[in-house]
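Residue numbering restarts at 1 for every chain, and letters A, B, ... go by the order of the sequence lines.
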Protein chains: 2
Amino acid sequence: MVQRNPEMLRGTVELLILTTLRGGPRHGFGIARWLEQTSDDELQLEEGSLYPALHRMERRGWLESEWGISDNNRKVKLYRLTSRGRARLQSETEGWAAFAAAIGKVLRAAEAV
Amino acid sequence: MVQRNPEMLRGTVELLILTTLRGGPRHGFGIARWLEQTSDDELQLEEGSLYPALHRMERRGWLESEWGISDNNRKVKLYRLTSRGRARLQSETEGWAAFAAAIGKVLRAAEAV
DNA sequence: TATCTATGCATACGTTGTCTAAGTATAGAC
DNA sequence: GTCTATACTTAGACAACGTATGCATAGATA
């Protein structure tokens, strides 16, 4: 994922992928596209991050995959959330909210100075 | 920095340190304390992350340090923002805002599904 | 005096995630 | 037949973070 500070994405890639798959099965390329569009090009998931992340998450049992054919007649690997993936999405979402809130507190506290 | 997903902090450590120093010079331990308290214990900066980060940031010219004595009569290394550090704080703050907004968009978009 | 606790700084090492870069394959347009 | 966009894979480099450890000392307590 590329932007001003590439390190900032660490750990959120998985949340983003899980979130994308909430709406139903998608293939890797489609996930990246959707994230890019939905974030107005702010979030760009590189292939070298995307695919290893998908494999990792499948290994962990958060995703399942199967080969299929896309709308444009291409061979694609479709990923879908497992129940464990759904649980993980839940906890990651909560984790993100808590984290973002904490950062917010700190930024506001420093502003007050 | 420790919490539910340790990876989530990647890249924000420096923003957090810069933010803490906005209010004036502080020593490493004090920075960690302030962040912990201000975030209601959500953000915990480990020493193995804190000190290397401070050294790194000083090397990059964002911080300056000098040895001093703390309120409780201890030898401490006081860090302060340089002008470059101030500029960096500015851009990191903007970067964070853009990033958090992007994540927010994605989360909301997926909720709508 | 000795010991304990909290404070304070430093760093070697391992783990992990991300990016760059290279490779393969193919559908559809021209 | 070539080009472009789509689509997946993986090796290797790099960087940040955490764990663990070591060192030092002020103040309290026994």
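- As a whole-Å value, the separation of B:Leu54 CG from D:dC17 P is 12 Å.
- Distance A:Leu50 CG to C:dT20 C1': 15 Å, rounded to the nearest Å.
- Between the NZ atom of A:Lys75 and the C1' atom of D:dT9 there is a distance of 12 Å, given to the nearest Å.
- With sequence neighbours excluded, the residues forming a side chain to side chain contact (heavy atoms under 4.5 Å, CB included) with B:Lys75 are B:Trp67, listed by chain and number.
- When all heavy atoms are compared, the tightest approach of A:Gly28 to A:Leu54 is CA-CD1, 3.8 Å.
- Position along DNA chain D of the nearest nucleotide to B:Arg56 versus A:Lys77 favours A:Lys77 as the more 5'-ward residue.
- Atom P of nucleotide D:dA24 and atom CD of B:Glu47 are separated by 16 Å, given to the nearest angstrom.
- The distance from atom NE2 of B:His55 to atom P of D:dA16 is 14 Å, rounded to the nearest whole Å.
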Under 3.5 Å, which N/O atoms of the protein pair with N/O atoms of nucleotides 5-7 of chain C?
| from | atom 1 | to | atom 2 | distance (Å) |
| --- | --- | --- | --- | --- |
| C:dT7 | OP1 | B:Arg33 | NH2 | 3.4 |
| C:dT7 | OP2 | B:Arg33 | NH2 | 2.6 |
| C:dT7 | O3' | B:Asn72 | ND2 | 3.3 |
| C:dT7 | O2 | B:Arg74 | NH1 | 3.0 |

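- The nearest pair of heavy atoms linking A:Phe29 to A:Leu50 is N-CD2, 4.3 Å.
- At a threshold of 4.0 Å, the pair A:Glu111-B:Arg22 does not count as salt-bridged, since none of the basic side-chain nitrogens sits closer than that to a carboxylate oxygen.
- Counting non-hydrogen atoms under 4.0 angstrom, B:Gly28 reaches the backbone sugars and phosphates but no base.
- At a threshold of 4.0 angstrom between heavy atoms, the contacts of A:Arg26 with the nucleic acid are absent.
- Considering every non-hydrogen atom in both A:Leu78 and A:His27, the closest pair reads CD2-N, 3.8 Å.
- If you measure from atom CE of A:Met57 to atom C1' of D:dC8, you get 17 Å, rounded to the nearest angstrom.
- In this structure, the CD atom of A:Glu46 is 16 Å from the C1' atom of D:dC14, given to the nearest Å.
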Stepwise, does the side chain to side chain contact (heavy atoms under 4.5 Å, CB included) test hold for A:Arg88 with A:Leu81?
CA-CA 10 Å; A:Arg88 180 72 194 184; A:Leu81 290 181; over 6 Å; no
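- Using a 4.0 Å cut-off, no side-chain N or O of B:Arg60 falls inside it from OP1 or OP2 of D:dA15.
- Atoms CZ (A:Arg59) and C1' (C:dT16) sit 12 Å apart, rounded to a whole Å.
- Checked against D:dA26, C:dC9, D:dC8, the side chain of B:Asn73 finds its nearest nucleotide in D:dA26.
- Annotation: the span from B:Glu14 atom CD to B:Thr12 atom OG1 amounts to 9.5 Å, rounded to 0.5 Å.
- OP1 and OP2 of C:dA10 both lie 4.0 Å or more from every side-chain N or O belonging to B:Tyr51.
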